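Accompanying notes for the structure given below.
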Amino acid sequence: MSIHVIRHPREMMGWSDAARVRGERIGFVPTMGYLHAGHLSLMREARRRASKVVASIFVNPTQFGPSEDLSRYPRDFARDCAMMETVPVEVVFAPEASHMYPPRAQTWVEVTELTRGLCGKGRPGHFRGVTTVVAKLFNIVKPHFAFFGEKDFQQLRAIQRMVADLNFDIEIVPMPIVREADNLAMSSRNAYLTPEQHCDALALSRAIAAARKNFACACSAEELVRLATKILRRPRIAVEYVEVVDAETLEPATSLDVPVVMAIAARVGKTRLIDNVLLSKGAGPTSHPKDSPGA
Ligand code: AMP
């Protein structure tokens, strides 16, 4: 099977309309490409739930700040297509930015409260770009299900909120974080890391594993933050934030008796990395970095 590449929003809409008329159930995985096993896990789950799988590859300019890595974001469309054919994904929607954002575009979709803290603080406008492009992709691809990784936990919550608030008739399916064999959370941006920086970056997953391991006996969010901060205190790591927040509101956690998320953002060299774990006394964590000696 060779994957069907669609470049234009109109053509994508036509394909989806015809699929829906035939009674197909469309599963959709939005990505920025340079795929890895994390992306493929979303596509495989889409394959399992839907009769047709569409993935998008679009490095969305409106979610990058002026000093961010839009122009050097890693890209390899041929390799991505070969990986998607193994799932298999039927259609890849890979539009031009000029077709997604016509010259006089001036409409934004913004989830206000959930995007204020965590990554929202250091990346003003980022989530507005994400929710706007995802809303547009939903209108173009018209999926029944859409799959998002818990790796980008704040993004997942913002999209769930947007779907509820704007009555999108789409089931959002959250998917657990996929990690490298050494526990580093998979990310297209890991390609920027030198072997030495990759080693430094493991402090993030170690801090996450420590939080997970100590959650049951921890008395407070502050105690978990202190523990993680200590592990992240290394010469070549610049921590942007380490926070424990309520898993629903993303407000600073005042109790560990409700589900919380420990979330970390840090720079290793110029590369900004994030990681998180959902911690809950009831159901247990959904993301399982293996306990490591550093924990
Ligand atoms: P991106 O291409 O980075 O925009 O990611 C596209 C989708 O893949 C988003 O829903 C991400 O949360 C998800 N994703 C990225 N990395 C991982 C990972 N390591 N495990 C699971 N999902 C991921």
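Counting convention: from 1, in listed order, for ligands and their atoms alike. We count residues from 1, following the sequence as given. Only a predicted model underlies this, so the values are computations on that prediction, with no experimental measurement involved.
The ligand atoms of ligand 1 that sit less than 4.0 angstrom from a heavy atom of Phe148 are 10 (O).
At least one test fails for Lys136 against the ring of Phe58: distance under 6.0 Å to the centre or angle within 45° of the axis.
Residue, atom and distance of the protein heavy atom nearest to atom 10 (O) of ligand 1 are Gly149 N, 2.9 Å. Protein heavy atom nearest atom 14 (N) of ligand 1, with residue, atom name and distance: Asp152 OD2, 4.3 Å. For atom 4 (O) of ligand 1, the closest non-hydrogen atom of the protein is Met32 CG, 3.6 Å. From the protein, the heavy atom lying nearest to atom 6 (C) of ligand 1 is Pro30 O, 3.4 Å. Closest to atom 20 (N) of ligand 1, if we only count protein heavy atoms, is Val178 N, 2.8 Å. Counting protein heavy atoms only, atom 23 (C) of ligand 1 is closest to Lys151 CB, 4.0 Å.
Using bins of under 30°, 30° to 60° and over 60° for the plane-to-plane angle, the ring pair His99/His8 lands in the tilted bin.
Residue contacts with ligand 1, taken as heavy atom pairs separated by less than 4.0 Å, do not involve Ser188 at all. Looking at Pro176 against ligand 1, only its backbone comes within 4.0 Å, counting heavy atoms. With a 4.0 Å cut-off on non-hydrogen atoms, His36 touches ligand 1 through its side chain and not its backbone. Only the side chain of Leu42 comes within contact range of ligand 1, with a heavy atom under 4.0 Å; no backbone atom does. Only the side chain of His39 comes within 4.0 Å of ligand 1, counting heavy atoms alone; its backbone N, CA, C and O stay farther away.
Arg157 places a side-chain N or O within donor-acceptor distance of the main-chain N or O of Ala247, the cut-off being under 3.5 Å.
With salt bridges taken as basic N to acidic carboxylate O contacts below 4.0 Å, none links Arg25 and Glu171. Classification of Glu45 and Arg49 as a salt-bridged pair holds, one side-chain N sitting under 4.0 Å from a carboxylate O.
In this structure, the side chains of Met12 and Val91 come closer than 4.5 Å at one or more pairs of heavy atoms. Two residues are said to be in side-chain contact when any heavy atoms from C-beta on lie closer than 4.5 Å; Val268 and His198 fail this criterion.
Summarising the contacts of atom 9 (C) of ligand 1 with Met175, Gln155, Met186, the nearest heavy atom is found in Gln155.
Gln63 and Asn60 share a donor-acceptor pair across their side chains, judged by distance under 3.5 Å alone.
A salt bridge (Lys or Arg N to Asp or Glu O under 4.0 Å) with Asp69 is found for exactly one of Arg123, Arg272, Arg189, Lys270, namely Arg189.
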